[in-house]
Amino acid sequence: MGDIFREVDEELKQERYEKLWRAYGKYVIAGAVVIVAAVAGWKAWESHRTDQRYAEGQRFAAAAELMQDGKAAEASAAFSALGAEAASGYGILARFYEASLVAKGGDTAGAITLYDAIAADSSAPDSMRDLAVVLGAFQALRVPSIDAAAIEAKIQPMTGAGEAYRHIALEILALTAQRAGDMDKARANYRAIVDDAASPPGIRTRASQMLNILGAS
């Protein structure tokens, strides 16, 4: 008798499952299709990004080879195009290389413009934006018409404790002060470098030498 009841119970369960499937099965299938499509789409996108990064790396290598071969104009154009089009880190590196080549070609103003553009690019990593500020300031020191106050305004925020480019920024402030004829300010910035135990040896050595030259050893 127990077997009969079990069979009846199993049939009722099966009937309920079939009703549920008829009512909701299409939604389950649709959900599964969406998940499969999403996974497939993500894999395709990842593959596309990998291929894209590889292609950008190849373009960067080609531009670097042009630079090494002394073809500055062609290399600069290649870096410029890659910097404008690449979505990966190769794009930001290409922009730095382009600015460097422009500077070496004698177009200081053009190099400063390129560095300023990187520094203002919110999509670039902060470390790269800060580096662009530093390199742009070095170029600005070569242009007498650029006011010392303008250089200081860009560099001063980078001189705080813990800032990645603190010591090189202090050196730029010292050089800026020297160019403006303010030797007291130059000495103060060189002294800040020398007295900071965290200063890189090379920068500390230069600062110490400059203090000796300026008569404040």
Side-chain angles (χ1 to χ4, degrees), residues 44-148 150-159 163-176 178-179 199-203 205-207 210:
W45 172 242
E46 282 292 294
S47 177
H48 168 70
R49 289 182 63 189
T50 299
D51 292 343
Q52 186 179 43
R53 283 193 293 269
Y54 177 78
E56 289 169 356
Q58 293 294 99
R59 290 177 64 186
F60 185 88
E65 186 173 354
L66 287 171
M67 183 176 65
Q68 291 172 359
D69 290 342
K71 301 176 181 177
E74 294 91 331
S76 182
F79 282 128
S80 178
L82 181 59
E85 299 166 9
S88 67
Y90 287 112
I92 189 74
L93 286 176
R95 294 167 71 185
F96 274 105
Y97 273 77
E98 179 193 3
S100 177
L101 285 170
V102 169
K104 288 178 181 177
D107 185 2
T108 304
I112 292 171
T113 297
L114 289 169
Y115 285 128
D116 284 349
I118 297 173
D121 186 352
S122 60
S123 67
D126 288 344
S127 59
M128 294 292 97
R129 296 174 66 187
D130 288 346
L131 178 58
V133 172
V134 167
L135 295 176
F138 272 123
Q139 292 300 320
L141 283 169
R142 300 170 59 188
V143 183
S145 61
I146 295 180
D147 186 65
I151 301 174
E152 291 176 353
K154 290 183 177 181
I155 290 296
Q156 190 67 50
M158 303 174 68
T159 62
E163 292 292 331
Y165 297 102
R166 164 178 161 75
H167 303 100
I168 194 69
L170 286 170
E171 188 172 29
I172 291 172
L173 285 181
L175 291 169
T176 303
Q178 276 184 262
R179 195 190 72 167
S199 296
I203 297 177
T205 297
R206 288 198 301 271
M210 289 306 303

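These numbers come from the heavy atoms of this one structure, side chains and all, not from hydrogens, waters or symmetry mates.
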**Prompt:** Can you say whether the rings of Phe60 and Tyr97 are parallel (under 30°), tilted (30 to 60°) or perpendicular (over 60°)?
**Reply:** perpendicular
Could you tell me which non-hydrogen atom of [X] sits nearest to which non-hydrogen atom of [Y], and how far apart they are?
X: Met128; Y: Phe96; value: O-CZ, 3.3 Å
X: Ala111; Y: Val102; value: N-CG1, 3.5 Å
X: Ser76; Y: Leu101; value: N-CD1, 3.7 Å
X: Asp116; Y: Lys154; value: OD1-NZ, 3.1 Å
X: Val134; Y: Ile155; value: CA-CD1, 4.3 Å
X: Arg53; Y: Tyr90; value: O-CE1, 3.7 Å

What is the distance from atom [atom1] of [X] to atom [atom2] of [Y], rounded to the nearest 0.5 Å?
X: Ile168; Y: Thr159; atom1: CD1; atom2: OG1; answer: 13.0 Å
X: Tyr165; Y: Ile172; atom1: OH; atom2: CD1; answer: 11.0 Å
X: Ser100; Y: Leu135; atom1: OG; atom2: CG; answer: 8.5 Å
X: Leu93; Y: Glu56; atom1: CG; atom2: CD; answer: 11.0 Å
X: Gln156; Y: Leu170; atom1: CD; atom2: CG; answer: 8.0 Å

**Asked** Do the side chain of Arg129 and the main chain of Ala124 share a donor and acceptor less than 3.5 angstrom apart?
**Response** no
**Summary of ring pair (Phe, Tyr, Trp, His ring centres under 6.0 Å) pairs that have at least one residue in residues 116-146, sequence neighbours excluded** = none
**side-chain contact (heavy atoms from CB on, under 4.5 Å) between Val143 and Ile112, intermediate numbers included** = CA-CA 10 Å; Val143 183; Ile112 292 171; 4.2 Å; yes
**Request:** Please collect all salt bridge (Lys or Arg N to Asp or Glu O under 4.0 Å) contacts where either partner lies in residues 88-115, sequence neighbours excluded, each pair once.
**Result:** Arg95-Asp121
**Asked** Which salt bridge (Lys or Arg N to Asp or Glu O under 4.0 Å) pairs, counting each pair once, include a residue from residues 65-85, with sequence neighbours left out?
**Response** Arg59-Glu85
**Request:** Answer whether the closest heavy-atom distance between the side chains of Arg179 and Ile151 falls below 4.5 Å.
**Result:** yes
